[in-house]
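What follows is a set of notes on a single structure, which appears directly below.
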There are 2 protein chains.
Amino acid sequence: MPQPSAPRRNPGRPPRISREEIIEAARRIVTEGGVGRLTMRRLATEVGSTPMALYHHVRDKEELLVLLLDDYAARTLRRSELPAHPRERIVAAATAIHEALVACPWIVEVLTADDLMSTSALWFVEQIVDGLVACGLSLDRAVHGYRSIWYYTAGEIVVRTTAARRRADGDPPTYREQVFADLDSNELPRLAQAADRWGALTAEDTYQDGLRALVDGLLVSR
Amino acid sequence: MPQPSAPRRNPGRPPRISREEIIEAARRIVTEGGVGRLTMRRLATEVGSTPMALYHHVRDKEELLVLLLDDYAARTLRRSELPAHPRERIVAAATAIHEALVACPWIVEVLTADDLMSTSALWFVEQIVDGLVACGLSLDRAVHGYRSIWYYTAGEIVVRTTAARRRADGDPPTYREQVFADLDSNELPRLAQAADRWGALTAEDTYQDGLRALVDGLLVSR
DNA sequence: GAGACTTTCTATACATGTAAGAAAAGTTAG
DNA sequence: CTAACTTTTCTTACATGTATAGAAAGTCTC
């Protein structure tokens, strides 16, 4: 029977760095110089260690980014007063998540990693699922509904911030824009009709419009 | 006045490889060994050239992947008989795009790159926009609606295929799953209630459900 | 034909993520 | 104390994307 109160230390070489230290240092690097400055080597010197030592605390760089995102969410997403009406509560919770993520431009590389599962984000997820249930959906349908909202949200952020970044880089227009300029107005009349406004239209932020549509659609129980 | 019919060749060293050749070779590599096998060096030897020569035909690897995706779309997406009823036409067109992309597991890394703009995909985009207009939306709102559908579609694919890949890798469960196991059922009752089914629920393919909800929502003009 | 100009290709170099294995620094059993 | 064992750290090495500089191979002007 092991003595429970004895401060018996662990065997093995004692660690000189911790996951928390690593994340802290990573956060410093990212907030100062952007996510592009975050390399394993830089991070290692920042915590006073070697690159490979990091890999004992973090599976790989992607996991590091996920941890960083969760850390960010934990300190940004604060539970706030949400509307009482379920439908509006859903919209507000999703919008809160969306705003937090949009304000953090480097996440794009991480969003592909399944849900946003930071403990602090979970409260908002709960609000969404609960709102859907309150509107009459079964629990299963509510979870599926939340997933749809998450797909929409993640897709919006990933697609729009990548596009925005590309615009900011002042890249020469890709051949895609060329394609769009050469539209055949007999074959594709609507697109041709919208062609000149396409760039402006797709740059607009219509997250809430789409979200409301999606939520409305989810709530007309079928 | 330049002689129009003269086969005056271009100045400069004549190219030994073309963008088409490159894409062809890349397709071979990817279909044989997966996208992980596609490196610039391998591609270079495949076309009998050097890595840096590729960069005269392709801006960078990302553009190569985009080209590859368009190439794939061009040979997979065939215009098909779509329902006449506008709402069903929208759903069918989006589903066609979705199915083509899902069948092609390496796209994930590219989907972040704005729209799917392959010429062959544009026809489906046209169907969606036109369907929305036929249901009474203004052209602007229809374009926005299409964008919402695209966000949802891209997000669904990116999130779900990444999750599936991770599952297939047999990774040790990430700390996210740990978080989910430790849910406090007082704080987050709905999530706790769904916790054990969460994995199964989020693995289900509910693309069409969400899509229909979104389209329904878009069509109740507000 | 000689040289200027243009386009494409090649050689070399660097930063990055990370695999593999050895070394270090502890704890525990004898 | 010594030896086995464990955990963490360090060293070295490799594959990859791509920047940079210059060489090669054409056309054009004269």
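Residue numbers begin at 1 in each chain, while the letters A, B, ... track the order of the sequences.
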Nearest to the [X] side chain among [options], which nucleotide is it?
X     : options                : result
B:P11 : D:dT18, C:dA19, D:dT27 : D:dT27
B:T50 : C:dT10, D:dA24, D:dC10 : C:dT10
A:P15 : D:dG26, D:dT9, C:dT10  : D:dT9
A:P14 : C:dT8, C:dA25, C:dT10  : C:dA25
A:K61 : C:dT18, D:dA25, D:dT18 : C:dT18

Check the distance between [N]'s [atom2] and [X]'s [atom1] and give it to me in whole angstrom.
X     : N      : atom1 : atom2 : answer
A:D60 : C:dA19 : CG    : P     : 8 Å
A:H57 : C:dT18 : NE2   : C1'   : 16 Å
A:R41 : C:dC14 : CZ    : P     : 14 Å
A:Y55 : D:dT11 : OH    : P     : 17 Å
B:R13 : C:dT7  : CZ    : P     : 14 Å

Carboxylate-amine/guanidinium contact [X] [Y], below 4.0 Å:
X      : Y      : answer
A:R19  : A:E63  : yes
A:E204 : A:R160 : no
B:R79  : A:E187 : yes

Answer with base, sugar-phosphate or nothing: what part of the nucleic acid does [X] contact at a heavy-atom distance below 4.0 Å?
X     : answer
B:T39 : sugar-phosphate
B:L38 : sugar-phosphate
B:R16 : sugar-phosphate

### Task
Could you tell me whether B:R28 atom CZ has more than 12 heavy atoms of other residues or ligands within 6.0 Å of it?
yes
## Note on the structure
Heavy-atom nearest nucleotide on DNA chain C taken for A:H56 and for B:L54; more 5' hit belongs to B:L54
### Query
For DNA chain C, whose closest nucleotide is more 5', that of B:G12 or that of B:S49?
B:G12
### Task
Strictly below 4.0 Å, heavy-atom distances to any atom of DNA chain D: list the hits from residues 20-34 of chain A, or just say none.
none
#### Entry: Inter-end axis angle, the helix from C:dG1-D:dC30 to C:dG30-D:dC1, with every axis fitted to five base pairs (rounded, 10 degrees)
20°
### A:Y152 side chain vs A:Y207 backbone, donor-acceptor pair below 3.5 Å
yes
### Query
For the ring pair B:Y151 and A:Y151, is the centre-to-centre distance below 6.0 Å?
no
